[in-house]
K.L.:
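Got a structure for you, questions after.
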There are 2 protein chains.
Amino acid sequence: MPFENIKELVEEYKKIWSLNYALSLMSWDRETYMPPADASVRGEVTGVFSELIKEEYLKLNNLVQKYEGKENLSDEEKGFIRVLNREIKYYVKVPIEIIKELDKIISEALIVWRNAKNEGNFGKFKPYLEKIVDLERKIAEYLGYEKHPYNALLDLYEEGFTVDDGDRIFNILLPNLKDILNKVREKGYYPASHPLESVEYEIKDMEKVNREILKLLKMPEDSFRMDVSAHPFTIRISGSDVRITTRYEGKDFKETIYSVVHESGHAIYELLIDKSLEMTPLAQGASTGIHESQSRFWENIIGRSKEFIHLVFPILKNNLSFLKDYDEEELHKYVNTVRPSLTRVDADEVTYNFHIALRYEIEKKLLNEDIKVEELPEIWNDFMEKYLGIRPKNDGEGILQDIHWSQGSIGYFPTYTLGNVVAGMIYSSYKNLKDDISQGNFDNVKSWLREKICKYGATYSPKELLIRAFGKTYDPNDLLKYLREKYLSI
Amino acid sequence: MPFENIKELVEEYKKIWSLNYALSLMSWDRETYMPPADASVRGEVTGVFSELIKEEYLKLNNLVQKYEGKENLSDEEKGFIRVLNREIKYYVKVPIEIIKELDKIISEALIVWRNAKNEGNFGKFKPYLEKIVDLERKIAEYLGYEKHPYNALLDLYEEGFTVDDGDRIFNILLPNLKDILNKVREKGYYPASHPLESVEYEIKDMEKVNREILKLLKMPEDSFRMDVSAHPFTIRISGSDVRITTRYEGKDFKETIYSVVHESGHAIYELLIDKSLEMTPLAQGASTGIHESQSRFWENIIGRSKEFIHLVFPILKNNLSFLKDYDEEELHKYVNTVRPSLTRVDADEVTYNFHIALRYEIEKKLLNEDIKVEELPEIWNDFMEKYLGIRPKNDGEGILQDIHWSQGSIGYFPTYTLGNVVAGMIYSSYKNLKDDISQGNFDNVKSWLREKICKYGATYSPKELLIRAFGKTYDPNDLLKYLREKYLSI
């Protein structure tokens, strides 16, 4: 029993864990099967649960202090206390009035943002974003930080990740990605548009394709399921109940397929966390970035590889009659099309991190008051033009495209790039990957990931986990090597 | 605002209500979509929730005493305090060791019962039932009662219902039902078996039929849904989220249809409870028996009427090709077949209450130690022979057929008969019922039920509710009149 010395904490934490378990199920249900009239009641119930969870954290805050500085604890015990203290910190350090003010502005901002986006009118959203940034700056002060206020917020999503790390990573990525992008474009390999993008499909056919892909990935039927929702997501109810969703937009069949592979990557992480950590704060991913590394590894590095396309090609041919004139090579080309676009979520592997670099710079400078909210559209559009050679025609397809800021999520965006970076490190370190994919030996892939990363859950901080797995922290050079190999050998 | 004088209670109760809301969703999910590997974790989480709910009840126990004897409370406020005290009572009066002992024996008994039933071997289950009866007797002592220990248990399901009520009801029902049954059988109208019982159907066809029946019943799409589970049930998540399930056994199409109508009856009750009672202990049915009256009224009195058959006949004809040689009259006859059977759940309207009378007598005498557990098979088989003229060949089709006792539910069975009795009272009091059914005017039916019964939730005790609605408590003569009209006019 890995928690021998902190039994009392483990027992008490089960209450928080159980409340969160129910919250996860309520959240999954809200996006899948809940009758719509119940939305407001469910909102109220969720609020009551937040209060109950906060009460339990405050009780645990007293209990956990008994263990401060205690020696001879196992790695799991130290991890338990570390993560618990991180979870408590927000409740203890940030005054309830600030949290309530943020909750209030967010609930309004979300609606205003949606309208502003549709109208392409940043002015409408500006006062809300100003208020949110202001509150996030205050939260950063309450949480405390070294060097840069942004560090306090980055740490919420990626423990120990700082502006120094971010600057180092993006300073390496940007010029190199620009170089790769230029070379890819010079070859003229990818067309400006592709006929498959607009071909409509029958939802029941795509359903069947997705189910077969889940079988190919050996997703476990007894502890995993897939449903449909407006936006794809993965949710862990427990380590023996992990659920993903996808959506069927009716055209461009690759979208739903890659959402399934992406979310399956998140799900596999949760499923591979060691069962001995269940009902503890360690029964979750090490960080948002490490989680994203799993989904991106499965989606991009495995899912868009020649070997994987070879495996899924018969499934696609069998179910989608409109593919009758296409061969494997054309399909591989299609799902890997490199093409600068205005929208982050549509971006390919080469251009994706430009979108993140832009958001990272903006968040960093906003927190430090180096720039003002009113300057954002100009900064945004100039960056897009400089790096991708395209300029948004309105704020709806520019600065307003993402929901994150309207939800008060500042510090989240960089974890997408960390996901890509760590996926590159996995690729670099995994010797027989191509063989394992070719043979559809995804149990091998899972074993590899489990031993290196997944089984530990949140036992170690992400940096410590990376050092244990790869002997180094976030290294963007592996990602660049992967991209050069894949896209410059065409 | 109907709870002006007890705001503090209302606020505190929201925690219990929210925890129960999540428990309901977890329970629904367990029977419908939960990946099976999560069963044990969900069991553990449910246990943690029970502890949390108990803690909140104990807090409320102190608070509610402030309001004892307070004057000028509204009916809703009085009802709130009455029901809350009923909910608290079990936690306060029954020692935790007894509850834990019962939980433990139940978890074992359930498995033993299932095996014993399959083997038709009562001896195997006997020691468990003895232990359960013994614990239930103790619980009755802790809860307290007048006259008869069974009264303490009956009150858990049907507030204020006693052995005096039960004896009175069954003493009227038994000879009269026997008389009706004899006369029906003398006519020889119903065949000993019917070819439709063994006709297999396609699940997708029945799905469609059931969906059309839900439309016919005007079930609200924004606050209601239907899924599939091993055993049909209704669950209220909230007043704006009520869910039913059905099952598809593949043959005898009437089974799934009438389970849908039955569960819809339960659901309609929950949906019609006044929204001002939401998040209070009044947002539930008045009792188990009153709840059952709604499901039985919809299933039997509406659903098996000539007028309803006329409405569903085109739906059935359109979707079930095997009905091509049948007419409405034959269908009506088929779904109303009276035929003594060994199994309660297969029983028709005329014979059903014999099955309950038997269980009522057994429970009553067990509680009072008038009979011993070891005598039950003989008592059972003799009763079946005397009243229905058939004798079980083994205990699996006799004394072991129901799950209830293995779950520690003693005192529940009589509420099935109360449901039939109250449904009869509704039939007797509702003047234009046949017209409303003929015209498919189920909004009228719902309005009638809402005003008489449903809107009050648990504001009034079942007896008070019945007196308000019908000027009398449980009166079996209305049910007998209904059965005579329906079955003796053939």
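As a basis for the values below, the full set of heavy atoms in this structure was taken, side chains included, without hydrogen atoms, waters or symmetry mates. In what follows, chains carry the letters A, B, and so on, assigned in the order in which the sequence lines appear, proteins first and then strands, with residues in each chain numbered from 1.
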K.L.:
Under 6.0 Å from the NZ atom of B:Lys208, do we count more than 12 heavy atoms belonging to anything else shown?
P.N.:
no
K.L.:
If you compare all heavy atoms of A:Glu221 against all heavy atoms of B:Pro36, which two are closest, and at what distance to 0.1 Å?
P.N.:
O-CD, 4.3 Å
K.L.:
With a 4.5 angstrom heavy-atom cut-off, which part of A:Glu11 approaches chain B: side chain, backbone, both or neither?
P.N.:
neither
K.L.:
So for A:Ile237, is it side chain, backbone, both, or neither that comes closer than 4.5 Å to the heavy atoms of chain B?
P.N.:
side chain
K.L.:
Taking only Lys NZ, Arg NE, NH1 and NH2, and the carboxylate oxygens of Asp or Glu, determine whether A:Lys14 and B:Glu51 approach each other closer than 4.0 Å.
P.N.:
no
K.L.:
Take a 6.0 Å sphere around NZ of B:Lys59 and say whether it holds more than 12 heavy atoms from other residues, nucleotides or ligands.
P.N.:
yes
K.L.:
Can you check side-chain contact (heavy atoms from CB on, under 4.5 Å) on A:Glu278 and B:Glu44, steps first, answer last?
P.N.:
CA-CA 11 Å; A:Glu278 198 69 343; B:Glu44 201 167 344; over 6 Å; no
K.L.:
Most heavy-atom pairs under 4.5 angstrom with chain B, which of A:Leu23, A:Val48, A:Leu25?
P.N.:
A:Leu25
K.L.:
Top residue by heavy-atom pair count (under 4.5 Å) with chain A, among B:Lys15, B:Met34, B:Arg42?
P.N.:
B:Arg42
K.L.:
Looking only at heavy atoms and a cut-off of under 4.5 Å, which of B:Asp227, B:Thr32, B:Val45, B:Leu19 has the most pairs with chain A?
P.N.:
B:Val45
K.L.:
So which part of A:Phe224 gets closer than 4.5 Å to some heavy atom of chain B, the side chain, the backbone, both or neither?
P.N.:
backbone
K.L.:
Is it the case that over 12 heavy atoms from other parts of the model lie below 6.0 angstrom from the NZ atom of A:Lys275?
P.N.:
yes
K.L.:
To the nearest 0.5 Å, tell me how far B:Tyr21 OH sits from A:Thr46 OG1.
P.N.:
7.0 Å
K.L.:
How close do B:Ser223 and A:Ala37 get, counting heavy atoms only, and between which atoms?
P.N.:
CB-CB, 4.0 Å
K.L.:
Write down the atom of A:Ser238, the atom of B:Val41, and the distance for their closest heavy-atom approach.
P.N.:
CB-CG1, 3.9 Å
K.L.:
Answer yes or no: are there more than 12 heavy-atom neighbours, outside B:Glu451 itself, under 6.0 Å from its atom CD?
P.N.:
yes
K.L.:
What part of A:Leu52 is in contact with chain B, defined as an atom under 4.5 angstrom from a non-hydrogen atom: side chain, backbone, both or neither?
P.N.:
side chain
K.L.:
Could you tell me whether B:Arg225 and A:Asp38 make a salt bridge, using a distance below 4.0 angstrom between a side-chain N and a carboxylate O?
P.N.:
no
K.L.:
Check whether A:Phe49 gets within reach of chain B through its side chain, its backbone, both or neither, counting any heavy atom under 4.5 Å.
P.N.:
side chain
K.L.:
At a heavy-atom separation under 4.5 Å, does A:Met279 approach chain B through its side chain, its backbone, both, or neither?
P.N.:
side chain
K.L.:
Side chain, backbone, both or neither: which part of A:Arg243 has an atom under 4.5 Å from a heavy atom of chain B?
P.N.:
side chain
K.L.:
Could you tell me how the ring of B:Trp28 sits relative to the ring of A:Trp28: parallel (under 30°), tilted (30 to 60°) or perpendicular (over 60°)?
P.N.:
tilted
